[in-house]
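Numbering of ligands and ligand atoms starts at 1, following listing order. In this chain, numbering begins with 1 at the start of the sequence shown. Given the structure is predicted, the values throughout are model-derived calculations rather than measurements.
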Amino acid sequence: MLTLDYHPTGRHFLQIPGPSPVPDRILRAMSLPTIDHRGPEFAGLGKKVLAGIQQVFQTKHPVVIYPASGTGAWEAALCNVLSPGDAVLMYETGHFAALWIKMAKRLGLEAETIGLPGVEGWRRGVQADMIGERLRQDTQHRIKAVCVVHNETSTGVTSDIQAVRKAIDAAGHPALLLVDSISGLASAEYRHDAWGVDVTISGSQKGLMLPPGISFNALSPRALEASKTARLPKAFWAWDEMVEMNKTGYFPYTPNTNLLYGLAEACDMLLDPAQGGMEAVFARHRRWAEGVRTAVRAWGLEIQCADPSVYSPVLTGVVTPEGVDADKVRQLIWERFDLSLGTGLGKIKGRMFRIGHLGDCNDLTLMAALSGCEMGLKLSGVKLAGSGVQAAMDYFAGHPAQVALLKAA
Ligand SMILES: *Cc1c(COP(=O)(O)O)cnc(C)c1O
């Protein structure tokens, strides 16, 4: 009955953890006419987005922008710094980490998986001491890179990237640190330079509030150095021509101009000092996440992340009671209330669903999403301990947002 011609009234609630809703300001910015990417006007746009995205990553070093999804930027990171047969140590926090490991193997790397065993491993962040211990055993320095996911979007668990850097350094090991912050960037706190990351991979459709279609590699001087001798085949993904041409604000091949208009607008929105800049971005995501978790606790349901010190500010995984198919609950909520929630992925399919609370949200969009969840859970026959909606209302009302404080000042 629901076809592409079906247009329900009101807005659709896109509460999946990416793509996230695109704000009107960005949609309008993207509706400008496409310009000549080799013409005189383009350099200004190119320079603006390249400088803006450096501030978002908190880096002084080059950031490469690809017309590709995040998966492309994963491949770019690996093939620019590694050679065929290189050993890489990859930590499995969840489904996205597992997909990156699969990709490394397909590229001809010797990918060694590390992590806590079984489903429990998908409920906790990266254990930096396990990485340190493994690197200390590698006295020959065969391992060329350590790969971790900053915000594991399949589970709602973040990882302490600084702790991973410290573990590598404490082991006295020269491995590069590659981090997937596709869903962490511009929502969870992230500092590329200060945390000593060599390559950060990110994408447009999560915290940056853009449609899918662009992705990033943020580099370090050591990563750039490694790219000069790395031998995995690359052409489209090669950093050298990109970094060189970007100095003039241009790109070696056609960039997605209209998404770059959107990116320029997104950087203006995120970095705006009147709104509190990146610190305010991180704070509002932490607050939304706590409001959503307050609802889940009131329902009496379990949160997928079992370690409160690494709860994701970006999304929350909600475990359904034994015998309740989380995907059936999701489907009912979508059909009845026009609300999209994230599905369980990989090992935890059917056992949980994900509520995204990133990007262009506010208290009332989250209240609407939680109402949809509560109605859907009840209609699915789940016995709830109490009202998560009431608990979240109390939380949001009792904890004013920073922007409200700014307005009042
Ligand atoms: C979304 C996501 C990806 C995949 O990115 P695509 O844009 O779908 O290729 C990879 N890793 C994480 C952590 C993600 O959230």
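Classification of the His37-Phe42 ring pair by plane angle, with boundaries at 30° and 60°, yields perpendicular. Taking the six-membered ring where tryptophan is involved, the planes of Phe236 and Tyr253 are essentially parallel, since the angle between them stays under 30° and well short of 60°.
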Donor-acceptor pairs under 3.5 Å, side chain of residues 313-321 to any protein atom, not counting sequence neighbours: which ones?
from   : atom 1 : to     : atom 2 : distance (Å)
Thr316 : OG1    : His357 : NE2    : 2.7
Thr320 : OG1    : Val324 : O      : 2.9
Thr320 : OG1    : Arg351 : O      : 3.3

Pairs of donor and acceptor atoms involving the side chains of residues 278-286, under 3.5 Å and at least two apart or interchain, shall be tabulated with distances.
from   : atom 1 : to     : atom 2 : distance (Å)
Glu279 : OE2    : Arg191 : NH2    : 3.1
His285 : ND1    : Val281 : O      : 2.8
His285 : NE2    : Gly359 : N      : 3.0

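Within 4.0 Å of ligand 1, heavy atoms belong to protein residues Ser69, Gly70, Thr71, Trp74, Phe96, Val149, Asn151, Thr153, Asp180, Ile182, Ser183, Gln205, Lys206.
For His173, the side chain to side chain donor-acceptor pair (under 3.5 Å) partners are Asp138, not counting sequence neighbours.
Under the 4.0 Å criterion applied to side-chain N and carboxylate O atoms, Arg165 and Asp198 are assigned as salt-bridge partners.
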